[in-house]
Amino acid sequence: MNSDAIREIAPQRALLNALGLTKEEMRKPLIGIVSSQNDIVPGHINLDKIVDAVRIGVAMAGGTPLVFPAIAVCDGLAMGHKGMKYSLITREIIADATEAMALAHAFDALVMVPNCDKNVPGLLMAAARVNVPTIFVSGGPMLAGRVGGKKVSFSDVSEAVSAFEIGSISSDKLQEFENKSCPTCGSCAGMFTANSMNCLTEVLGMGLQGNGTIPAVYSERIQLAKQAGRQIMELVKRNLRPRDILTSDAFHNALTIDMALGCSTNSILHLPAIAHECDIELELDIVNEISNRTPNLCHIAPAGDTFMEDLYEAGGVYAVMNEISKLGLLKTEVLTCSGKTAGENIADCVIRNNEVIRSIENPYSKTGGIAVLKGNLAPDGCVVKRSAVDPKMIRHEGPARVFECEEDALNAINTGSIISGDVVVIRYEGPKGGPGMREMLNPTAAIIGRGLGAEVALITDGRFSGATRGAAIGHVSPEAAVGGNIALVKNGDIIQIDINANTISIKISEIELKKRKEMWKPRKPNITSGCLARYAEMVTSGNRGAILEINSLKPKM
């Protein structure tokens, strides 16, 4: 740096002096550590330990670590009330705030320390925007609980509530589920949204091996954080940036392993949104293309009886990647934050337990864990976690039971108004209509808890928790609030679902559909102020990842 430049930044150095930084620290690369630690989210209460370990790693490798915060909402705590309207919106708030902090303070690199729900995709979006060398190290998954000698997790509590209400378990057993299902800190123990996104961060090349699977309470998690702190300095030396890693091929890999792992349907919201920040458009149609050729190798809860700790012990994400690579389905030359290619990373990673990670010769299914359905009910598509659907519900036809919000549907389920064969339709819960596209674990858990998982489907323009299982079909696009055909469904309409054929339709004529369309009128917004109102103005449909668009910036045609 020349003398003129040194004089010009004297004011900034004065402020760094106020932080207590030495001249030696100022000469080193300034590494921003984005900490999502807080005292309300179970997956985030341990992040102070992770951040401390990252600090040590950065300092050991010759950088100056500086911590700043990111918010995080616990979807489980927000579930079932107005708070859930604020979950998805935090993805954009996190991305915006991190972008502002990182660019305002001219950090040389970033280490992201997220864990639960919208925190991970929000920080991945920010990483793509800021585009300085970046690495991720999550807080890690929770250990499974134990009830009656069986492993359980958060979703089991929700299902136990309905089981208690119909008298199939006692109040003492419900209390046992409540007390024992979430035994440690960490992101909830199944392949729910947080763990799905942390695993896919490994696949995308933005997190080191074990980022998605090493349990939160293991010492190895602290070691991983120190390693990430050291590795960010290597990325600085190489000037290896997120957009060098987050390529079209990397997103192809993420969707492929998403199918093999059986990840949350929320990944089909978040991957397109992250790709969008990289100027890459992921169309929903590619999901079925990849799913149709990718075998599903894992049934992690809620799809099965194994948990994140089991996936870790069985070889983790890299073992799944290595197995899938035998079919030639991965782009193995993509760069990763390890400094190596994906192929180099996974070369020696083998499956250690074929009950947890099946071989390509013996998959759970020959097709992937997620399917996109289209038809006159969802012309732009909707999403289902196929690997968590009872085989009896892969094809289903039944009468619609229509509800204008989650609460009304849940009340109908809990009072026994929903019967075998019904198709529950919950609308006006989409990105604009909610607003906020609420997760709906409670209605799906109530269906399962009442023993209707093999008999009742649920369709919504909202979305589901990663803990949801059953014939739960979400992200219906276009949504009801913009006049999508889901707004035109009437009670008693016959709905046909064929997951293997990727179709979903209302059995009415095009003439009748057009007639109903002409009669439809928009509803008044239920929230007209604050950040939710601004969100509703700018948010797009679920099939586009619920990304935000500013109408005034759209090019004039």
Side-chain angles (χ1 to χ4, degrees), residues 32-55 65 67-79 83-84 86-98 101 110-127 134-145 153-155 157 181-202 206-207 210-222 224-226 228-229 264 266 270 308-309 439 441 465-467:
I33 302 174
V34 186
S35 172
S36 304
Q37 195 276 333
N38 61 54
D39 292 343
I40 186 62
V41 182
H44 291 232
I45 59 171
N46 67 319
L47 295 191
D48 54 343
K49 309 295 189 300
I50 304 296
V51 167
D52 287 345
V54 172
R55 281 180 185 266
V67 180
F68 65 89
I71 65 167
V73 163
C74 175
D75 280 11
L77 292 173
M79 196 75 66
M84 181 47 75
Y86 288 89
S87 172
L88 184 57
I89 186 175
T90 64
R91 186 185 72 182
E92 321 314 306
I93 294 170
I94 290 161
D96 290 349
T98 304
M101 284 292 290
L110 298 170
V111 181
M112 307 294 198
V113 186
N115 212 25
C116 292
D117 299 309
K118 311 309 160 288
N119 193 242
V120 183
L123 289 178
L124 282 164
M125 290 164 68
T134 303
I135 196 168
F136 278 66
V137 55
S138 77
M142 185 183 291
L143 293 180
S153 67
F154 175 71
S155 60
V157 189
S181 292
C182 299
T184 74
C185 64
S187 47
C188 293
M191 189 56 79
F192 310 148
T193 304
N195 291 326
S196 294
M197 292 309 301
N198 282 325
C199 287
L200 295 180
T201 300
E202 277 189 60
M206 294 297 292
N211 178 70
T213 58
I214 299 171
V217 294
Y218 283 17
S219 298
E220 192 176 348
R221 175 65 55 180
I222 301 297
L224 180 70
K226 291 177 182 176
S264 163
N266 281 315
H270 300 321
M308 295 305 295
E309 63 199 63
E439 281 189 352
L441 174 60
S465 165

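Please read all numbers here as calculations on a predicted model, not as lab measurements.
Residues H270 and K118 have side chains in contact (heavy-atom distance under 4.5 Å, counting atoms from C-beta outward). Side-chain contact check for M197 versus S138: every heavy-atom pair is 4.5 Å or farther apart. Using a 4.5 Å cut-off on side-chain heavy atoms (C-beta onward), S36 and L123 make contact. Using a 4.5 Å heavy-atom threshold, the side chains of N211 and R221 count as touching. Between M142 and S153, every side-chain heavy-atom pair lies at or beyond the 4.5 Å cut-off. Looking only at side-chain heavy atoms (C-beta outward), T98 and M112 come within less than 4.5 Å of each other.
The structure places CD1 of I135 at 11.5 Å from CG of L110, a figure rounded to the nearest 0.5 Å. Annotation: the span from M101 atom CE to D96 atom CG amounts to 14.0 Å, rounded to 0.5 Å. To the nearest 0.5 Å, atoms CG (N266) and CG (L88) are separated by 8.0 Å.
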Worksheet item: Passes side-chain contact (heavy atoms from CB on, under 4.5 Å), I222 versus I50? Steps please.
Response: CA-CA 6 Å; I222 301 297; I50 304 296; 4.1 Å; yes
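Scanning for side chain to side chain contact (heavy atoms under 4.5 Å, CB included) contacts around I93 gives I71, I89, with sequence neighbours left out. The salt bridge (Lys or Arg N to Asp or Glu O under 4.0 Å) search around D48 returns none, not counting sequence neighbours.
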